[in-house]
Amino acid sequence: MKKLILLLIFTSSLWCCSSAKLVSNWKNPDIVLFHAYKVLIVGMTENDSIRGDFESKVQAEFQKRNVQAVRSVDVFDVDFTTSKQSEVQLTEVEQQLLDKDFDAILFTKIIGSEDKKTLRTRLSNVDRYLYTFQDDYISHQGIYYEDSYYDNYTVFHTETALYCICVGKERETIWRAGFNITDLQNFKKTAAEYIKLMILAMEEQDLIFYTAY
C-alpha cells in the first residue's frame with residue numbers, strides 16, 4: 001500500500017509538467033514476485049531510429065539494476081519485422097529465446113490515439129468581478145468561433161506488457177500497464193519520462209526490480 005501511495009503521489013505531481021502519464025497498472029493475480037535474469041526489450045514501431053533509441057534507453061535502465069537486457073533490434077532481423085509472422089513462427093522464436101536463456105519479454109507499443117483540446121487560460125483584469133453581462137460576453141465570445149481559443153493536441157495511448165517465457169509458462173502475461181503520451185515530437189524527454197514511470201510501476205508491483213523484504 002505504501003508503494004502504491006508513493007506511486008500515485010509521484011505520477012500526479014509529475015503529470016502537471018510531463019508528457020507521459022500512467023493510466024493503468026495490472027499484475028497477474030497468480031504472481032506474487034517475479035524476477036527475470038535476461039529480458040528481451042521490444043519497442044514496436046515502424047521507425048527504426050526511434051525503436052533503437054527507446055530500446056537502448058530501457059536497456060540502460062535495466063542494466064543499472066543488474067538485470068541483463070537485450071534489444072530486439074539486436075535479435076530480430078529485417079525480414080522478421082517487415083513481414084507478417086504466424087503463431088508457429090512466434091513459437092519458434094520463443095523457443096530460440098528459451099535456448100538462449102531469456103526468461104521474459106518486455107513489449108511496448110502504441111495502441112491508439114485521440115485528438116483533444118483544452119481551453120487556453122486567459123487572464124482577466126483584476127476588476128473582472130465588476131463586469132456586466134455584456135463585458136463578460138464580449139470578452140469571452142471567442143469560445144464560440146476562435147480556434148486560437150483552444151490548444152489542440154493528440155493523446156497517444158501506449159501499453160507495456162511483461163511476458164514470461166519460462167519453461168512451461170510460455171506467453172503468460174505477468175504485467176500490463178497503460179500510458180498516455182502527449183508529446184511525441186520531443187522523443188528524448190518523453191521517452192525518459194515514460195521509462196521512469198514504467199520502471200516505477202514495475203517496482204510497485206514487485207516485478208523484476210523488487211526489493212527483498
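- With sequence neighbours excluded, the residues that form a salt bridge (charged side-chain N to carboxylate O under 4.0 Å, His left out) with Arg176 are Glu159.
- Scored by the salt bridge (charged side-chain N to carboxylate O under 4.0 Å, His left out) test, Lys38 finds no partners at all (sequence neighbours excluded).
- Of the residues listed (Gln63, Lys57, Arg65), the one engaging Glu61 in a side-chain hydrogen bond (donor to acceptor under 3.5 Å, both in side chains) is Arg65, and it is the only one.
- Each ring pair (Phe, Tyr, Trp, His ring centres under 6.0 Å) pair with one or both residues in residues 87-114, not counting sequence neighbours, would appear here, but there are none.
- Aromatic pair Phe62/Phe209: ring centres closer than 6.0 Å.
- With Lys27 contributing its side chain and Val32 its backbone, the two residues share a donor-acceptor pair below 3.5 Å.
- Side-chain atoms of Thr154 and Asp115 form a donor-acceptor pair, as typed in the model, at a separation below 3.5 Å.
- Using a distance-only test at 3.5 Å, with no hydrogens or angles considered, a donor-acceptor pair links the side chain of Gln85 to the main chain of Phe80.
- A 4.5 Å side-chain heavy-atom check between Ser72 and Glu55 finds at least one atom pair inside the cut-off.
- Within the 4.5 Å cutoff, side-chain heavy atoms of Val39 are placed close to those of Val67.
- Contact annotation: the side chain of Leu207 never approaches that of Glu203 to less than 4.5 Å [non-hydrogen atoms, C-beta and beyond].
- For the atom pair Ile41 CD1 and Ile105 CD1, the distance stands at 10.0 Å (nearest 0.5 Å).
- Residues Trp175 and Leu106 are in side-chain contact: their nearest non-hydrogen atoms beyond the backbone lie under 4.5 Å apart.
- Between Tyr194 and Phe179, the ring planes are tilted. Angles from 30° to 60° get that label.
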Discussion item. Does Arg51 form a side chain to side chain contact (heavy atoms under 4.5 Å, CB included) with Phe76? I'd like the steps, not just the answer.
Written reply: CA-CA 12 Å; Arg51 175 186 167 202; Phe76 297 157; 4.0 Å; yes
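- Contact annotation: the side chain of Phe34 approaches that of Ile208 to within less than 4.5 Å [non-hydrogen atoms, C-beta and beyond].
- Here the CG atom belonging to Asn186 is positioned 8.5 Å from the CD atom belonging to Glu193, to the nearest 0.5 angstrom.
- The CD1 atom of Ile110 sits 6.5 Å away from atom CD1 of Ile181, with the distance rounded to the nearest 0.5 Å.
- The nearest pair of heavy atoms linking Ala20 to Leu197 is O-CD1, 3.4 Å.
- Under the 3.5 Å distance criterion, the side-chain polar atoms of Glu94 are left unmatched by any main-chain donor or acceptor of Ile165.
- Heavy-atom minimum distance, Val78 versus Thr82: O-OG1, 2.8 Å.
- By the rule that hydrophobic residues join a cluster once side-chain heavy atoms approach within less than 4.5 Å of another member, Phe156 and Ile195 end up as members of one cluster.
- Contact between Asn25 and Gln205 at its shortest, heavy atoms only, is O-NE2, 3.0 Å.
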Discussion item. Show, in sequence, the C-alpha distance, side-chain angles and deciding distance for Gln95 and Leu98, and conclude whether the side chain to side chain contact (heavy atoms under 4.5 Å, CB included) test is met.
Written reply: CA-CA 5 Å; Gln95 186 56 54; Leu98 277 169; 4.0 Å; yes
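- Between Leu40 and Val75 there is a side-chain heavy-atom pair separated by less than 4.5 Å.
- In this structure, the side chain of Thr160 does not engage the main chain of Ala177 through any donor-acceptor pair within 3.5 Å.
- A single hydrophobic cluster is seen to contain both Val70 and Leu90, as judged by linkage of ILVMFWY side chains at heavy-atom distances under 4.5 Å, directly or through other members.
- Scanning for side-chain hydrogen bond (donor to acceptor under 3.5 Å, both in side chains) contacts around Gln89 gives Ser86, with sequence neighbours left out.
- Rounded to the nearest 0.5 angstrom, Gln68 CD and Gln59 CD are separated by 9.5 Å.
- Taking hydrophobic clusters as Ile, Leu, Val, Met, Phe, Trp and Tyr residues chained together by side-chain heavy-atom distances below 4.5 Å, Met198 shares a cluster with Leu162.
- Here the CG-CG distance, from Asn47 to Asp53, works out to 8.5 Å after rounding to the nearest 0.5 Å.
- Under 3.5 Å, the side chains of Thr190 and Ser19 contain a donor-acceptor pair of N or O atoms.
- Side-chain atoms of Thr108 and Phe54, non-hydrogen and from C-beta on, do get closer than 4.5 Å to each other.
- Under the rule for a salt bridge (charged side-chain N to carboxylate O under 4.0 Å, His left out), the partners of Glu114 that lie at least two apart in sequence or sit in another chain are Lys116.
- Partners of Lys84 according to the salt bridge (charged side-chain N to carboxylate O under 4.0 Å, His left out) rule, which considers only residues two or more places apart in sequence or in another chain, do not exist here.
- With values rounded to the nearest 0.5 angstrom, Asn28 atom CG is found 10.0 Å from Cys164 atom SG.
- Between Thr173 and Trp26 the shortest side-chain heavy-atom distance falls below 4.5 Å.
- Around atom NZ of Lys109, more than 12 heavy atoms belonging to other residues, nucleotides or ligands sit under 6.0 Å away.
- Looking at His157, its side chain never comes within 3.5 Å of a backbone N or O of Ile111 through a donor-acceptor pair.
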